Amino acid sequence: MLSEPRSGRLAAWGNALLAGLVSPDDAALAIVGEDTVHRVEGLPGESAQVGLTLALGRLRALGTTGLRVALPAPGHPLGLSGPPEFNARALEAEEAVVCFGAAFGLVPQVYEAGPAGDVHAEVVWQVLPVREAPPADVPSLGEAERELAEALREATEVLSKLDVAGSGPVAEAAIDAYRARSERGREVLAPGYPPRAVRVLELARRVGLLVSLAHGRGHGAAVTSAEMAARSEALRPVERTARRAQVAAYNSLVEERERGVR
């Protein structure tokens, strides 16, 4: 949750491209981000891997009018609609992009290479058939914002009572530092997204950072199995809420277009 999912970048900048708000080259550059290269495999009409600009153009020609994000986890098929093969691949990758208007989905495979200290990532997006149906468990932006605010309050209270690292001043300092890094030279979302989507995504990342800090900085005073179980129980629904909100933010352009808002 600390880093922006690759599926989020692909969906956000792909949606901006489909809406005519950015150029193909600018969209591809933003999607690749700090990776070395992204390629697309299994695209109808192509026998080999192709680049992002060609792939996005071909998907539009095949009927794609928008891109949605899926961030599934075990027991929570968030953003998925089937079939089982695609769901399984997406669950293994913990993310996917689903086309709106065409029955295709894309799942990333990440390959890392290079010496220690200079590792780079290459990404191959696998194109697979999907079922055209409403995505699972995706809230509206309004619902996501309300859920996040409550989750943040509840998680902070529970983790503070358990004296778990990741709550209190240390967490606040880490969150502020993360926000400062995020704001330097990088847009939260691609052009065309409503301000509320940006706000929801920022809050989702804040909640996700809190969860990551709590998991990654030891057990604090939660030294008994019962206390550790209580912490896990407190974090599980909070993490799920943050993922739901992330998906709602990335998918908001498509949802508004589907409702005829845009």
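Heads up: numbering here begins at 1 and tracks the sequence. The shown structure was predicted, so the numbers you read here are calculated from the model rather than taken from an experiment.
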| task | Begin from the C-alpha positions of E46 and L54 and carry the test side-chain contact (heavy atoms from CB on, under 4.5 Å) through to its verdict. | result | CA-CA 10 Å; E46 298 291 341; L54 191 156; 3.9 Å; yes
| Any donor-acceptor pair under 3.5 Å linking the side chain of Y193 with the backbone of Y250? | yes
| remark: Heavy-atom nearest pair, A249 first then L189, reads O-CD1, 4.4 Å
| said: Test of understanding: with side chain to side chain donor-acceptor pair (under 3.5 Å), list the residues that count as partners of R196, not counting sequence neighbours. | reply: E145
| Between R244 (side chain) and D137 (backbone), is there a donor-acceptor pair under 3.5 Å? | yes
Which atom pairs, one a donor and one an acceptor, fall under 3.5 Å between side chains of residues 91-98 and the rest of the protein, sequence neighbours left out?
{"residue": "E95", "atom": "OE1", "partner": "R6", "partner atom": "N", "Å": "3.2"}
{"residue": "E95", "atom": "OE1", "partner": "S7", "partner atom": "N", "Å": "2.7"}
{"residue": "E95", "atom": "OE1", "partner": "S7", "partner atom": "OG", "Å": "2.8"}

| note | Residues A121 and V110: closest non-hydrogen pair is CB-CG1, 4.0 Å
| side-chain contact (heavy atoms from CB on, under 4.5 Å) between E147 and R240, intermediate numbers included | CA-CA 10 Å; E147 290 174 1; R240 176 181 291 222; over 6 Å; no
| task | Flag the pair W125 / V107 as yes when at least one side-chain heavy-atom distance between them is below 4.5 Å, and no otherwise. | result | no
| query | Between E4 and R205, does a salt bridge (charged side-chain N to carboxylate O under 4.0 Å, His left out) hold up when you go through it step by step? | reply | CA-CA 9 Å; E4 183 180 24; R205 290 175 180 171; 3.7 Å; yes
| request: Quick one: do V123 and V37 satisfy side-chain contact (heavy atoms from CB on, under 4.5 Å)? Show the steps, please. | output: CA-CA 6 Å; V123 180; V37 65; over 6 Å; no
| Inter-residue atom distance L80.CG - N87.CG, 0.5 Å rounding | 4.5 Å
| query | Is a side-chain donor or acceptor of H120 paired with a backbone partner of A113 at a separation under 3.5 angstrom? | reply | yes
| query | Closest heavy-atom contact between S140 and A248? | reply | O-CB, 4.2 Å
| Exam field: side chain R131 to backbone P83, donor-acceptor pair closer than 3.5 Å | no
| Roughly how far, to the nearest 0.5 Å, is OG1 of T65 from CG of L253? | 11.5 Å
| Least distance between heavy atoms, G105 atom then V130 atom | N-CG1, 3.5 Å
| remark: d(Q246 CD, L71 CG) to nearest 0.5 Å is 5.5 Å
| Connected via hydrophobic side-chain network under 4.5 Å: F100 and L59 | no
| Linked, directly or transitively: V127 and W13 (ILVMFWY side chains, under 4.5 Å) | yes
| query | How far apart are the closest heavy atoms of A55 and L43, and which atoms are they? | reply | CA-CD2, 3.7 Å
| Do L21 and I31 belong to the same hydrophobic cluster, where Ile, Leu, Val, Met, Phe, Trp and Tyr are linked whenever their side-chain heavy atoms lie under 4.5 Å apart, directly or via other members? | no
| query | What is the distance from atom SG of C99 to atom CG of L67, rounded to the nearest 0.5 Å? | reply | 5.5 Å
| remark: Sequence neighbours excluded, the answer for salt bridge (Lys or Arg N to Asp or Glu O under 4.0 Å) partners of E85 is none
| Side-chain contact, heavy-atom cut-off 4.5 Å: V32 with L52? | yes
| request: Taking only Lys NZ, Arg NE, NH1 and NH2, and the carboxylate oxygens of Asp or Glu, determine whether D35 and R9 approach each other closer than 4.0 Å. | output: yes
| field | R243 and its side-chain contact (heavy atoms from CB on, under 4.5 Å) partner, picked from V69, L78, V207 | value | L78
| Should E122 and R39 count as an ion pair when the cut-off is N to O under 4.0 Å? | no
| field | Stepwise side-chain contact (heavy atoms from CB on, under 4.5 Å) check, E256 with V254 | value | CA-CA 5 Å; E256 288 188 351; V254 176; over 6 Å; no
| query | Measuring from L128:CG to F104:CZ, what's the distance to the nearest 0.5 Å? | reply | 10.5 Å
| query | Atom OG1 of T64 and atom CG of L56: how far apart are they, to the nearest 0.5 Å? | reply | 9.0 Å
| Are Q109 and R89 close enough that some pair of their side-chain heavy atoms sits under 4.5 Å apart? | yes
| task | Could you tell me whether E150 and R146 make a salt bridge, using a distance below 4.0 angstrom between a side-chain N and a carboxylate O? | result | no
| said: Is there a side-chain contact between L17 and P24 in this structure, where contact means two heavy atoms from C-beta onward sitting under 4.5 Å apart? | reply: yes
| task | For V200 and A245, work out which heavy atoms get closest and say how close. | result | CG1-O, 3.6 Å
| request: Using a strict cut-off of less than 4.0 Å between a Lys/Arg side-chain nitrogen and an Asp/Glu carboxylate oxygen, indicate whether R68 and E255 qualify as a salt bridge. | output: yes
| said: Looking at G114, is its backbone amide N or carbonyl O close enough to the side chain of D118 to form a donor-acceptor pair, meaning the two atoms are under 3.5 Å apart? | reply: no
